[in-house]
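First comes the structure, then the notes that go with it.
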Amino acid sequence: MLWLVYMRNGGNKGWDSGGDSWALIRHALAELIEQGLPFVKMAQNKAINALPALFKTNLQIDVLGNATGDANGVNFIIDGYASNAEGLKAQTYMLNDALLIKYTQTRSQTIELPLKEYAEMRGLTGKTKDQLKNLRKEVVSALSLLASISYQCKERVKGKMVDSGLIRINGGTAIVKNGVIRWNYNTDLIPWLERLPPMDYSRETLTADPRTNQYFFSRYIDQNYRVNEGRERVSTISIKTLLSKAQNLPTIEEVRKGRHSPKARIIQPFFRDLDNIERLYYDVIGKDGQIIADPTNLDYDTFIQCSIRVDYSEYETHPERVKKRVRHIEHK
């Protein structure tokens, strides 16, 4: 790849070591390095991170078919939601993440992502033409939904946070043409994506089975590290928090109303999906701080009070980011 970049710029003839040519080399080298790593960088902000917690069961739909819903304190509006047959699901958020990853790599407001590349990101290589055709249909539906999402913004006025209007995520283009996903971000969203450092996003997250909760758990585990790196609590995630991200698990109220077993409907699927995250090493910690050897046999009331302790040793460390956080704490 580096040689192609070099030759594209005329070999050593007219080579500008401090200009565009060197910028191309740096970008190509960064891509090569990233390809061999289990993580990629993904731009994020509070609203982007809240979006996967927006459950279709928690939406309120008005007479015009528009939906509103709150996720982690962010209010979302989805125009024409009732007309989208697929609705919100893991594949919607997976596509959103893939677009954010491409934005982070290119820093271009306009994204072009070939369907074949997206299939590779999702671990769907070697699929038949029919399967890729189904993926295209899935992507078109997800693009339509993502393009209709706005979120409520707030600003501080005289010491109080007040509503300041809406920001739509999409900037106008959301199509699949000639086998390429074409998407552009709203110009006003870009500064919000650039305000915070990107997340270390596991490649494995996009390969999760969307019928399970593996995607939601895996993404939140990455997000938790980004938000809490350098804090004592970074390795501890409550089971209650993880359950709040699990779109494909019933609530305890639904289970009890149907007179089903919480163990069979919630606890066992919960640990099944956690255990399917290959990079994840964790212990289950009880309310008393002790490791629980066989958490699948807990009763629900004990289970919900537990936490998991995650081994983040394989994640990249960011000393400067941690130092900055410490300085902020010292100045409080």
Side-chain angles (χ1 to χ4, degrees), residues 26-53 72 74 90 93-108 111 113 117-118 120-123 185 189-208 210 213-238 241-242 245 273-283 307-329:
R26 290 201 310 270
H27 178 71
L29 182 59
E31 280 192 347
L32 279 175
I33 293 172
E34 193 171 78
Q35 285 173 10
L37 297 175
F39 298 92
V40 292
K41 301 294 184 184
M42 187 184 80
Q44 48 88 43
N45 64 13
K46 180 179 178 181
I48 292 297
N49 288 339
L51 190 56
N72 295 346
V74 179
Y93 304 120
M94 287 175 163
L95 178 60
N96 186 51
D97 290 351
L99 294 171
L100 286 164
I101 289 168
K102 293 300 291 183
Y103 165 76
T104 311
Q105 292 171 342
T106 63
R107 283 301 190 267
S108 172
I111 306 299
L113 175 59
E117 183 179 345
Y118 179 57
E120 290 174 1
M121 295 172 76
R122 289 277 306 276
Y185 285 104
L189 179 69
I190 299 301
W192 294 84
L193 292 178
E194 295 292 342
R195 286 175 65 184
L196 297 174
M199 179 193 305
D200 295 306
Y201 185 98
S202 169
R203 294 179 186 273
E204 181 188 2
T205 301
L206 282 181
T207 66
N213 299 285
Q214 184 180 340
Y215 162 78
F216 297 105
F217 292 160
S218 183
R219 191 190 193 283
Y220 184 76
I221 287 166
D222 290 344
Q223 178 186 326
N224 176 70
Y225 183 73
R226 162 63 193 89
V227 173
N228 289 311
E229 184 188 8
R231 294 189 171 112
E232 187 177 345
R233 66 173 180 267
V234 64
S235 298
T236 303
I237 305 174
S238 73
T241 295
L242 284 173
K245 316 299 176 187
D273 294 344
L274 270 185
D275 290 344
N276 281 334
I277 302 174
E278 291 185 9
R279 74 182 185 286
L280 179 63
Y281 295 91
Y282 71 97
D283 291 313
S307 301
I308 67 167
R309 187 162 60 206
V310 179
D311 178 359
Y312 279 116
S313 61
E314 293 187 3
Y315 283 65
E316 180 182 352
T317 57
H318 306 89
E320 289 303 316
R321 192 184 300 173
V322 173
K323 284 181 182 178
K324 184 178 179 181
R325 173 170 289 147
V326 170
R327 286 197 296 269
H328 287 167
I329 294 172

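Hydrogens, waters and symmetry mates play no part in the numbers below; they use all other heavy atoms, side chains included.
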Would you find a donor on one side and an acceptor on the other, under 3.5 Å apart, between the side chain of Thr104 and the backbone of Ala43? yes
Would you indicate whether the side-chain heavy atoms of Ile221 and Leu274 approach each other to under 4.5 Å? yes
Measure up the Tyr225 and Tyr312 rings against each other and bin them: parallel (under 30°), tilted (30 to 60°), perpendicular (over 60°). tilted
Identify, with sequence neighbours excluded, every residue that meets salt bridge (Lys or Arg N to Asp or Glu O under 4.0 Å) alongside Glu194. Arg107
So, Asn224 side chain and Val234 main chain: donor-acceptor pair closer than 3.5 Å or not? yes
Look up atom CE in Met199 and atom CD in Glu229, then write down how far apart they are to the nearest 0.5 Å. 12.5 Å
Arg219 and Asn49: which non-hydrogen atoms are nearest, and at how many Å? NH1-OD1, 3.5 Å
In this structure, CE of Met121 is separated from CD1 of Ile101 (nearest 0.5 Å) by 4.0 Å
Using the test salt bridge (Lys or Arg N to Asp or Glu O under 4.0 Å), find all partners of Glu278 that sit at least two apart in sequence or belong to another chain. none
Is a donor on one side and an acceptor on the other found under 3.5 Å between the side chain of Tyr185 and the backbone of Leu100? yes
Could you tell me whether the side chain of Asp311 and the main chain of Tyr281 form a donor-acceptor pair under 3.5 Å? no
Are Lys46 and Val74 close enough that some pair of their side-chain heavy atoms sits under 4.5 Å apart? yes
Spacing of Met42 atom CE and Ile48 atom CD1 [to the nearest 0.5 Å]: 8.0 Å
Is there a donor-acceptor pair under 3.5 Å between the side chain of Gln214 and the backbone N or O of Asn276? yes
